Protein chains: 2
Amino acid sequence: MKTADPELMRAINRYHVIDTIRRDGPIARVEIAARTDLSPASVSAITAQLMEEGLIDIHHVAPGGDAVRGRPRVLLGLNPAAYTVVGVKLTAFRIGIAVTDARGGSLSSLVLPIRVARQSPEVVADLVEDGVRRCVADAGLAMDRISGVGVGLPGVIDGIDGVSHWSPVLGGTPAPFAAAVSRRLGVPVLLENDANLVAVAEHWFGLGRDQTAFAVVTVENTIGLGLIVDGKLYRGAHGIGPALGHTRLVPGGLPCRCGLRGCLDAYASDWGLLRMAEEAGLLPQGDDAPDRIEGLVQRALAGEVAAAALFRGAGQAIGIAVSNLVNLLNPPRVILTGEGLRAGPLLREPLLEAVAENMLPTLKDGTEILFHSWGDEMWARGAATIMLRRIYEAPWNATT
Amino acid sequence: MKTADPELMRAINRYHVIDTIRRDGPIARVEIAARTDLSPASVSAITAQLMEEGLIDIHHVAPGGDAVRGRPRVLLGLNPAAYTVVGVKLTAFRIGIAVTDARGGSLSSLVLPIRVARQSPEVVADLVEDGVRRCVADAGLAMDRISGVGVGLPGVIDGIDGVSHWSPVLGGTPAPFAAAVSRRLGVPVLLENDANLVAVAEHWFGLGRDQTAFAVVTVENTIGLGLIVDGKLYRGAHGIGPALGHTRLVPGGLPCRCGLRGCLDAYASDWGLLRMAEEAGLLPQGDDAPDRIEGLVQRALAGEVAAAALFRGAGQAIGIAVSNLVNLLNPPRVILTGEGLRAGPLLREPLLEAVAENMLPTLKDGTEILFHSWGDEMWARGAATIMLRRIYEAPWNATT
DNA sequence: CATCTTTCTAAGGAGCCCGAAATAACCAAG
DNA sequence: CTTGGTTATTTCGGGCTCCTTAGAAAGATG
């Protein structure tokens, strides 16, 4: 057990300072002191050390608060150049890679349109290695400038040990993927469920910046869930995070990849939509090429009734799952995101209706449901963020 | 924001010491020092203060650890007499009251067999007042010896502000019940969802003593859920805890008290069982007197097929909900408890089958499902515990 | 140049932790 | 009964960080 010694005290105050700078952008020392209740003297000492380490830097000098007189405030901000990290996102169809700075800004990016799911984890690790080396070179950097790699992928992922227990991308056998990639690249690698990754990114850079607890639902090839509780990523047993896609929605319903029946995934994920479309004769049997789901979306948006019904059903299913989530856990905010929202209002409206219909009336006032559409850069931030978390991690986690 | 100063440091270490004493029973100072990594000097100082405050006391003197030589260890334990609190449990049929000491030991108890649900919150507060005064007198104490009252009841309860937003006991209009009782008795009153209360009690005194995260499912007049995450009670928005009873199990299924359809409560709570029994012609229409559900249990245990089917169905429904909970949140341990388990194996077996059938195979190894049957004294401990939590609360919650 | 605000530096004081030494309590052998 | 060995607990001094206060330096305005 970590005891509380002066070192921890320093670490806590240091964390408060960094966190304030992160949250409230470029900010003057006096202002930090006011918000953290630390004395200006302490803030000065801490920021001096942070600057020496390169974690923060001087953004610019601005005239004082209300009055324009007096010595101008020196605004401090996170130093983008403090760390360079690589974000990797694995989906069934592609490997996305981006090199980002410490603020989540993208230095270079790369997409490998590869059907990852048919390859063994060792092969995937090889592909990731090649892609990362390429992308780092594109950014004009050497590998030794990279502080770490964050890999996000759907499935049951042990983010602490870096093991994929079950994933549509890496298969059903436990794969120590983080170690595999780390061995190849010679830098630390963190593996994380993609929804967790998004949750952390939302917490640092997105709609969760000012929140201490919220839920993120990702709608993609699978339906994922990330939870921030008490400002920290929620993990269940053994480092495995939460999952929404395999809640039983319809007992004895459609079969799902996981071997169970009636999962949300079978009704609302890309995978499930394709299965249902095949079943309904809308699509021929086939593999899961990315253009198939795109085609289905286009047909639905163009007004094809049967296709539209699928997306409406998916929206409703997600809506029920979200309302269950709200009834169960009552998070103050739920952020919906992911490529699966591409069907737009077609999916969104039945989703919101189902939420309204199934949420306990008592909870309606206290819960926000938000949509957040991301560009490609945002998941890279997410992957980058899980590296940053290592650096900035709140110290009192360590006390138990 | 609370800054980290020496005071916080002390508070953290003090908490670690108390927590170690709580967990590992009567324990010597050297042993505390070993487990907390604090120096013997610090442990000595902290325990001296705790003894002065009366929170802990000397249990007895035992010969040293392995060898019998040397100065004997002085074993320290929580002092039962440190605080006296009253636990109150409200259900639809009765008010249970117990006076307990700081270790959860019962000094006196009382059950008022009153159908609480038909009375207004103000009347219920009057009844609680009378019962508490009686029970405290029975214990041979004066009211000014009581440090506080903890009230547990089912429903959507804001445990921070002490407001019942929706409850089968206090109705659907927000009722500031904690304030109402506190005004009458002149002592602090905490209101809490009964499942939260049980979760905290399990954490302090029961099957969650050694755990830092687990879930408690209570099966009674309603199905409740309490979550301990990171050693703390999980609360959603606005102090309202989680709830399992109103997850949608069967879309468009049986109507539930909450106004929705297909809730778990409609299938597995006492309330739902009675409704289904009436529907099936097993029972005449009637109110919810406690003997009705008891009668139904007896008939089922005696072999009446239709009645038994109801309980099997309830077990299955709970099993699905629990597996959803596990698939969703993956808590390392789930503790099932409550009077609703009175049907025994009749309910338990289909429940465990449904869990086995619906849980993601990957999670099976990491999740324990336990049953914990309580006597009446245990909920009183629960109610008492929420007072204790005030006293012992982990200090680093305060830093954000 | 006077004024004003921010930032830095320095000194004094308080609380905590830790290590070392002292003390306490008991056992066991002589 | 005494004395030495052994382990637990307490006491004490040094060192760390924090806070406050005060003052000086920096940088801008008027």
Side-chain angles (χ1 to χ4, degrees), chain A residues 1-17 21 26-52 56-76 395-396 399, chain B residues 1-17 20-21 26-52 56-76 395-396 398-399:
Chain A
M1 199 188 303
K2 175 85 186 75
T3 76
D5 49 18
E7 208 175 305
L8 176 70
M9 215 157 101
R10 223 307 163 15
I12 291 176
N13 285 336
R14 185 186 142 106
Y15 174 81
H16 279 147
V17 169
I21 295 174
I27 185 174
R29 284 180 253 256
V30 258
E31 191 64 26
I32 298 174
R35 296 193 193 209
T36 57
D37 281 340
L38 286 165
S39 69
S42 299
V43 172
S44 222
I46 291 170
T47 51
Q49 207 204 323
L50 291 174
M51 279 174 69
E52 192 168 333
I56 61 172
D57 62 358
I58 295 172
H59 269 234
H60 67 114
V61 177
D66 296 331
V68 242
R69 321 200 35 183
R71 177 173 174 174
R73 299 176 162 203
V74 179
L75 300 188
L76 306 175
W396 49 86
T399 56
Chain B
M1 198 189 303
K2 175 86 185 74
T3 76
D5 48 19
E7 210 174 302
L8 177 71
M9 212 157 103
R10 177 58 143 217
I12 291 175
N13 286 333
R14 183 187 143 106
Y15 175 81
H16 279 148
V17 169
T20 305
I21 295 173
I27 185 174
R29 285 182 253 261
V30 258
E31 189 64 25
I32 297 173
R35 297 194 191 206
T36 57
D37 282 339
L38 286 164
S39 70
S42 300
V43 172
S44 218
I46 291 169
T47 52
Q49 207 204 324
L50 291 174
M51 278 175 70
E52 193 168 334
I56 62 172
D57 61 359
I58 294 172
H59 269 232
H60 66 113
V61 177
D66 296 330
V68 242
R69 321 192 44 175
R71 176 173 175 173
R73 299 174 163 203
V74 178
L75 300 188
L76 306 175
W396 48 88
T399 54

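Every chain is numbered from 1 and lettered A, B, ... according to where its sequence line falls, protein lines coming before strand lines. Because the structure is predicted, anything quoted here is derived from the model rather than measured.
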Checking contacts here: which listed nucleotide ([options]) is nearest the side-chain heavy atoms of [X]?
X        : options                  : result
Arg29(A) : dC18(C), dC8(C), dC26(C) : dC8(C)
Leu38(A) : dC19(D), dA20(C), dT7(C) : dC19(D)
Pro72(B) : dT6(C), dC19(D), dA25(C) : dA25(C)
Val30(A) : dT17(D), dC17(C), dT7(C) : dT7(C)
Met9(A)  : dC16(C), dC18(D), dT7(C) : dC18(D)

Tell me: [atom1] of [X] to [atom2] of [N], nearest whole Å?
X        : N       : atom1 : atom2 : value
Ile12(B) : dC18(D) : CD1   : P     : 14 Å
Glu7(A)  : dT17(D) : CD    : P     : 9 Å
Ile32(A) : dC8(C)  : CD1   : C1'   : 15 Å
Ile46(A) : dT7(C)  : CD1   : P     : 15 Å
His16(A) : dC19(D) : NE2   : P     : 12 Å
Arg14(B) : dC17(C) : CZ    : C1'   : 17 Å
Glu31(B) : dA8(D)  : CD    : P     : 9 Å
Gln49(A) : dT17(D) : CD    : C1'   : 13 Å

Between Pro40(B) and Ala45(A), name the one whose nearest nucleotide on DNA chain C is closer to the 5' end. Ala45(A)
Check whether any side-chain heavy atom of [X] lies under 4.5 Å from a side-chain heavy atom of [Y], and answer yes or no.
X        : Y        : answer
Asn13(A) : Ile46(A) : yes
Ile21(A) : Ile32(A) : yes
Met51(A) : Asp57(A) : no

Arg71(B) (side chain) and dA25(C) (base): donor-acceptor pair under 3.5 Å: no
Please determine whether a side-chain nitrogen or oxygen atom of [X] lies at a distance below 4.0 Å from atom OP1 or OP2 of [N].
X        : N       : answer
Arg73(B) : dT9(D)  : no
Ser42(B) : dC18(C) : yes
Ser44(A) : dT7(C)  : no
Asn13(B) : dC17(C) : yes

Does the Thr47(A) side chain pair with the main chain of Val43(A), one donor and one acceptor, at a distance under 3.5 Å? yes
Output yes when a side-chain donor or acceptor of Ser42(A) lies under 3.5 Å from a complementary backbone atom of Leu38(A), and no otherwise. no
